[in-house]
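Computed from a predicted structure; not experimentally measured. Residue indices begin at 1 and follow the sequence shown.
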Amino acid sequence: MVSFRTFRNSDPPHLVKLWHVCQLGRGAAEGFRCDALEGTTLSKTYFDRQGLITAWDDETGTLVGFVHAGFGSLPDQSGLDRSIGVVCVVMVHPEFRRRGIGRELIQRAEQYLAERGATTIRGGACPPHDPFYVGLYGGVKPAGFLESDPHARPFVESLGYKEIDRRAIYFRDSERAKSPMNMQIMSLRRRMQLGVTDVLPNKSWWNQCRFANLDYIRFLLQPKSGEDPVAGVTIVNLDVYLGKWGRRIVGMTDVYVVDSFRGQGVGSTLITEVCRRLKNELIVGAEAHTGDNDEAAIKLLENAGFYRVDTGIVYEKKTE
């Protein structure tokens, strides 16, 4: 028999153990301890134990599955939007799959969300509806359920969820990538320099909640003559993925170029100069996400030596 209950304070070691057993694909961290789960999920001010539902094998007392549901953010990112529920994570021990446990967990999560006002339920967290597991699943940010997790899509679609969005996940190997070089970039390198700050470009309550426990820094490309920065990118430490990827990798997010400097190679210069500096710190790779149809962002990443490694898919289901 399998029994279901909500989260208890004694559960984190069991949750972490199950996470590692489930083999969730390249985009799921491995080898981490309970403190990583605490920082990305359990410590959030809006964490509700009722939304984390566990499944236990009564005979052995072993955790065999869990689902975690939460809510997205309001448009101004000042609080939770309880009309949009999110099934952030669902997993079942490989030896207990195809017994209806995952389906039961999802149904209980959907009930939890609907009872609290959700009229739409997302399958897979993705900004700005990514309340938990930032930096633990998906890489630098959650990106729905990943194609590299082969069991995710057929399971989610069998429960009536429909695809609504795709995120492109790119990677740059600094040991192999060739940095772009032309007269435009050479001129920028002579006139610009890198600066650093620990101030996020988005200071909303939502962004502060999600990034508060992550190790990050923001690089700015600024004129040597002292004018304001013309571009910036946030670098997030992804050492929690060392057990999965075997190398020190960072995530790149929130790339921004001042409007008057776009189309002049500023973005490519910023990224390649940052990668050059990171390589000196023995960080040999970088990951970045963008919209599947964002041609400008994709061109920027590919010009800077990134290549596509995965796709995140976001699903949606209306509550009855």
Side-chain angles (χ1 to χ4, degrees), residues 4 6-7 11-12 15-16 18-20 22 24-25 27-29 32 34 36-55 63 65-73 77 80-92 101-118 120-149 151-153 155-157 159 161 163-165 167 169 206-207 209-214 240 289 312-317 319:
F4 299 84
T6 56
F7 173 83
D11 289 344
L15 296 171
V16 171
L18 178 62
W19 181 295
H20 297 328
C22 284
L24 302 175
F32 61 86
C34 291
L37 182 66
E38 175 73 22
T40 63
T41 302
L42 305 179
S43 66
K44 302 306 178 187
T45 58
Y46 44 78
F47 173 78
D48 178 3
R49 71 179 188 87
Q50 300 292 330
L52 202 167
I53 303 162
T54 59
L63 179 70
F66 80 93
V67 65
H68 193 182
F71 295 93
S73 72
Q77 299 191 356
L80 296 179
D81 182 353
R82 296 190 181 274
S83 69
I84 301 178
V86 185
V87 177
C88 301
V89 169
V90 58
M91 60 187 72
V92 176
I101 297 172
R103 182 177 294 271
E104 178 67 21
L105 286 168
I106 290 289
Q107 290 175 348
R108 289 172 180 255
E110 291 173 346
Q111 181 179 356
Y112 162 82
L113 294 170
E115 288 176 349
R116 288 157 179 77
T120 298
I121 298 177
R122 299 281 176 88
C126 186
H129 307 300
D130 54 342
F132 305 111
Y133 305 100
V134 177
L136 208 60
Y137 182 83
V140 63
K141 290 182 180 180
F145 291 118
L146 302 178
E147 282 193 338
S148 58
D149 181 356
H151 303 288
R153 185 181 187 110
F155 173 68
V156 172
E157 290 185 340
L159 297 174
Y161 286 81
E163 178 182 325
I164 62 166
D165 191 22
R167 303 293 296 174
I169 300 173
W206 185 248
N207 214 42
C209 284
R210 287 150 60 246
F211 277 88
N213 294 97
L214 297 179
V240 71
H289 296 194
I313 304 175
V314 183
Y315 303 85
E316 188 175 275
K317 183 179 183 179
T319 60

Flag, side chain of S73 to backbone of P128, donor-acceptor distance under 3.5 Å: yes
Inter- and intrachain pairs under salt bridge (Lys or Arg N to Asp or Glu O under 4.0 Å), touching residues 134-144, at least two apart: K141-D254
No-hydrogen, no-angle side-chain donor-acceptor test under 3.5 Å, E115 and Q111: yes
R167: salt bridge (charged side-chain N to carboxylate O under 4.0 Å, His left out) partners, not counting sequence neighbours: none
P142 versus Y133, closest heavy-atom pair with distance: CG-O, 4.1 Å
Heavy-atom pair with the smallest gap, counting every atom of T6 and T54: O-OG1, 4.3 Å
Flag side-chain contact, heavy atom, 4.5 Å: V156 against I313: no
Under 3.5 Å: donor-acceptor pair, side chain of K317, backbone of E110: no
Side chain H151, main chain L24, donor-acceptor under 3.5 Å: no
Smallest separation among heavy atoms of V86 and G72, with atom names: CG2-N, 4.0 Å
Stepwise side-chain contact (heavy atoms from CB on, under 4.5 Å) check, N213 with T40: CA-CA 7 Å; N213 294 97; T40 63; over 6 Å; no
Contacts of type side chain to side chain contact (heavy atoms under 4.5 Å, CB included), residue E38, not counting sequence neighbours: L42, S43
Pairwise side-chain contact, Y161 with R122, heavy-atom cut-off 4.5 Å (strictly under): no
Validation row: I169, L146 side chains within 4.5 angstrom (heavy atoms): yes
Side chain proximity check, P127 to H289, heavy atoms < 4.5 angstrom: no
Pairs satisfying salt bridge (Lys or Arg N to Asp or Glu O under 4.0 Å), at least one member in residues 46-55, at least two apart: D48-R116
Stepwise side-chain contact (heavy atoms from CB on, under 4.5 Å) test for Y315 and D165: CA-CA 7 Å; Y315 303 85; D165 191 22; over 6 Å; no
Student check: side-chain heavy atoms of F155 and I106 closer than 4.5 Å: yes
Pair L15-L52, side-chain contact (heavy atoms from CB on, under 4.5 Å): steps then yes or no: CA-CA 10 Å; L15 296 171; L52 202 167; 4.2 Å; yes
Nearest heavy atoms of C126 and V314, plus distance in Å: CB-CG2, 3.6 Å
D130 versus A125, closest heavy-atom pair with distance: CA-CB, 3.7 Å
Close side-chain approach of K44 to P131, heavy-atom, < 4.5 Å: no
4.5 Å side-chain heavy-atom contact, M91 and W19: yes
Single hit among F7, F47, Y137 for ring pair (Phe, Tyr, Trp, His ring centres under 6.0 Å) with H68: F47
R108: partners by side chain to side chain contact (heavy atoms under 4.5 Å, CB included), with sequence neighbours left out: F4, I53, E104
V87/V67 under side-chain contact (heavy atoms from CB on, under 4.5 Å): CA gap, chis, key distance, verdict: CA-CA 7 Å; V87 177; V67 65; 3.8 Å; yes
With L214 via side chain to side chain contact (heavy atoms under 4.5 Å, CB included) - residues at least two apart: V134, F211, V236
Close side-chain approach of W206 and L80, heavy atoms under 4.5 Å: yes
For the student: nearest non-hydrogen atoms of F145 and G124, plus distance: CE1-N, 3.3 Å
